[in-house]
Structures are given as C-alpha cells and as structure tokens.
Amino acid sequence: MTTLSGKTILITGASRGIGAAAARICAGLGARVIAHASGKGEAIQALAKELNLEPAQIALEDLSVAGAGARLVATAIKNNGHLDAIVNNAGIYLSTPLKDAAAWDQGWVKTLAVNVQAPADICRAAVTHFRAKGGGRIINLTSRAAYRGDGEDFAGYAASKAAINAITKTLARALSGENILVYAIAPGWVETRMAPQDIEARKGAIKEIPIGRVAQPEEVGEMIAFLLSDVCPSATGSTFDINGASYVR
C-alpha cells in the first residue's frame, strides 16, 4: 500500500487544481504537506481548514518576484524543520502573441519568471538542503506543450515547460547517485482554470483527446503521490505523460 507517512512535502500552487488535489492525496497518505499560494485568499484558507494545516504549513510567495523561490524553500525549512520532497506545480499560462510586441515582451518576462526561474531556484535550494540531509525528491510539472508545442500565441508557455523538462533531466542525471530523485509529469488539458472554458473551445480540445475528456486534477495528484512513495526509484529522470493519448511520444 502506498504511504507517505513521515514525509514533509512542499507543494507549490496548492490553493486549487492539481496542487490542491496533490495536497489532499499526499496528506491522506500521511504526509506533512506545506501548501504554497501566491498570496492570501479564500482558496488557500479553505484548503488549510479542510486539511487542518498549521500556520507553519502555509507558505505565501509571489513567484513572479525575484528570489521568491529560494525564499519559499528557506521559509518552509525554517518553519517545519526539514523537507523530504518538493512538487513544483505552480505555473501560469500567459499569451505571448506574435502580433503584439508589447504583450509578447510582457508575456515572456512573467512566464519565464514564474514557470522557469522560480522552479529552478526552488530546485537549487532544495538540492542544497537534500544534500545536507542525505537525499530528497523533486517532481516538476511540465506540459504536453513542451514536446508538441502550443497555439501560435503561447510559444512562451511551451518554451518554459521545455526548459523545466531539461532541468529535470539534468538534475536527475547529476544527483540520483546522491539519493536525490527527480521526475517530471507532463499533462495535457486538465480540469483546472487553464483548461478551455469556452464551449466551442472545449469541444475542440476534447475532440483531439482519444479518451474523450480532459484529465482530472486527482489523476495527476495520484501520479505525484506514486512517485513520492519510492515504489519505483529507477524511474528517476523520466517524464510521465497524462494527456488521454492526445500526444503519444
């Protein structure tokens, strides 16, 4: 039976969607979950109440701000004693339209800050901590878009997720011998705020998914818990696709 008893896990973007689902599942399996959100709000408060999280288990950082990733890890360690794993789930899906230079520039800057720099900084800080304590686990959420690309106006998003794939593979190759295992999960459309909300757009998205629906956040959360349970450490460095066979590599 899968268990995460005794593990302290930092999950970014935990107020809703995949992050909230992962927090619920990991907590249910015995983990001490540290739930990150970009700021105070009803969603993170509701999750804290649902899971009976202590104040030390709530971490607030705006990941678009320089240095936020390192600060987040430092605060989590300070308030909870140590970390056994991190789940880099937080991300944004901003347009980088080819036809609008100003929006292109703004989209790239913020996308790279939140989707690349922050998780990279979180990884670096976590690795330093894991080396001192004899090991740890990292799961990075990427995307189907990292492999097949995305729509014309979302090159920045696709590129940011490809960067996270590269970080994952690099760290896994470098650190697995030190008991620091690193995995990536690459979903397609998931039933979150990022999924198409317009009826016609939703029909188009589902039409290209052979399973006939978008994935549920809990499906990704279960994969996160599985990888953190250490039942298959030899999978380190791998990327796990969750896209209903809409993109098969």
Side-chain angles (χ1 to χ4, degrees), residues 4 7-94 110-111 113-123 125-126 129 137-143 157 160-161 164 185 187 189-195 197 214-225 227-228:
L4 297 176
K7 295 183 182 294
T8 300
I9 302 168
L10 169 62
I11 302 176
T12 68
S15 61
R16 54 176 56 85
I18 292 171
R24 293 186 183 100
I25 292 166
C26 290
L29 293 171
R32 178 179 176 84
V33 170
I34 303 169
H36 158 265
S38 60
K40 295 179 180 180
E42 293 181 3
I44 192 64
Q45 291 174 356
L47 182 73
K49 182 177 181 180
E50 177 187 346
L51 300 183
N52 295 313
L53 302 182
E54 302 167 6
Q57 292 174 264
I58 301 297
L60 304 179
E61 281 285 353
D62 180 351
L63 296 182
S64 69
V65 178
R71 285 194 300 274
L72 174 60
V73 174
T75 299
I77 294 169
K78 178 182 178 181
N79 292 344
N80 296 274
H82 75 282
L83 291 174
D84 296 296
I86 61 165
V87 179
N88 266 319
N89 164 72
I92 55 176
Y93 187 62
L94 294 182
K110 190 162 186 177
T111 295
V114 176
N115 289 8
V116 180
Q117 191 67 61
D121 289 347
I122 289 169
C123 284
H129 176 65
R137 307 292 179 260
I138 297 171
I139 296 180
N140 292 323
L141 271 290
T142 69
S143 171
Y157 177 78
S160 72
K161 292 304 184 178
I164 294 302
I185 298 176
W189 289 121
V190 180
E191 193 64 74
T192 67
R193 292 190 303 174
M194 286 188 182
Q197 302 301 311
V214 299
Q216 295 301 306
E218 291 74 19
E219 294 180 84
V220 185
E222 292 287 358
M223 179 62 78
I224 289 170
L227 294 174
L228 292 178

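Owing to the predicted nature of the structure, the values given are computational and were not obtained by experimental measurement.
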K.L.:
With rounding to the nearest 0.5 Å, note down the distance linking CD1 in Ile224 to CG in Asn89.
P.N.:
6.0 Å

K.L.:
To the closest 0.5 Å, what do you measure between CG (Leu51) and CD1 (Ile58)?
P.N.:
8.5 Å

K.L.:
Show the nearest heavy-atom pair for residues Gly13 and Ala90, with the distance to one decimal.
P.N.:
N-CB, 3.6 Å

K.L.:
State, to 0.1 Å, how close Val33 and Gln57 come at their nearest heavy-atom pair, and which atoms those are.
P.N.:
O-NE2, 2.9 Å

K.L.:
Below 4.5 Å, heavy atoms only, C-beta onward: do Val114 and Leu94 meet side chain to side chain?
P.N.:
no

K.L.:
Identify the two heavy atoms, one from Pro217 and one from Glu191, that lie closest to each other, and give their separation to 0.1 Å.
P.N.:
CG-O, 3.4 Å

K.L.:
Hey, does Ile34 have a side-chain heavy atom less than 4.5 Å from the side chain of Leu83?
P.N.:
yes

K.L.:
Going by side chain to side chain contact (heavy atoms under 4.5 Å, CB included), Leu72 matches just one of Ile122, Ile77, Leu60, Asp121. Which one?
P.N.:
Ile122

K.L.:
Which value, rounded to the nearest 0.5 Å, describes the distance between Thr12 atom OG1 and Ile139 atom CD1?
P.N.:
11.5 Å

K.L.:
Between atom CG of Leu141 and atom CG of Asn88, what is the distance when rounded to the nearest 0.5 Å?
P.N.:
8.5 Å

K.L.:
Considering non-hydrogen atoms only, spot the tightest contact between Tyr157 and Ile92 and give its length.
P.N.:
CD1-O, 3.3 Å

K.L.:
Hey, does Leu63 have a side-chain heavy atom less than 4.5 Å from the side chain of His36?
P.N.:
yes

K.L.:
Ignoring hydrogens and geometry, is there a side-chain-to-backbone donor-acceptor pair from Glu218 to Ala21 under 3.5 Å?
P.N.:
no

K.L.:
Minimum heavy-atom separation for Asn80 to Ala56, with atom names?
P.N.:
ND2-O, 2.9 Å

K.L.:
Which residue in the set Ser160, Ser64, Ser143 passes side chain to side chain donor-acceptor pair (under 3.5 Å) when paired with Asn115?
P.N.:
Ser160

K.L.:
Given 3.5 Å as the limit, does a donor-acceptor pair link the side chain of Asp84 with the main chain of Thr8, or not?
P.N.:
yes

K.L.:
Does any non-hydrogen side-chain atom of Val87 lie less than 4.5 Å from one of Leu228?
P.N.:
yes

K.L.:
With heavy-atom distances below 4.5 Å as the criterion, would you say the side chains of Arg24 and Leu47 are in contact?
P.N.:
yes

K.L.:
Output the distance between atom NZ (Lys7) and atom NE2 (His82), rounded to the nearest 0.5 Å.
P.N.:
9.0 Å

K.L.:
Does a side-chain heavy-atom distance below 4.5 Å link Glu54 with Arg32?
P.N.:
yes

K.L.:
Within a strict 4.5 Å, meaning less than it, do heavy atoms of the Leu227 and Ile185 side chains meet?
P.N.:
yes

K.L.:
Hey, could you give me the NE2/CG distance between His129 and Leu10, rounded to the nearest 0.5 Å?
P.N.:
10.5 Å

K.L.:
So which heavy atom on Ala125 is nearest to which on Ala70, and how close?
P.N.:
CB-CA, 4.4 Å

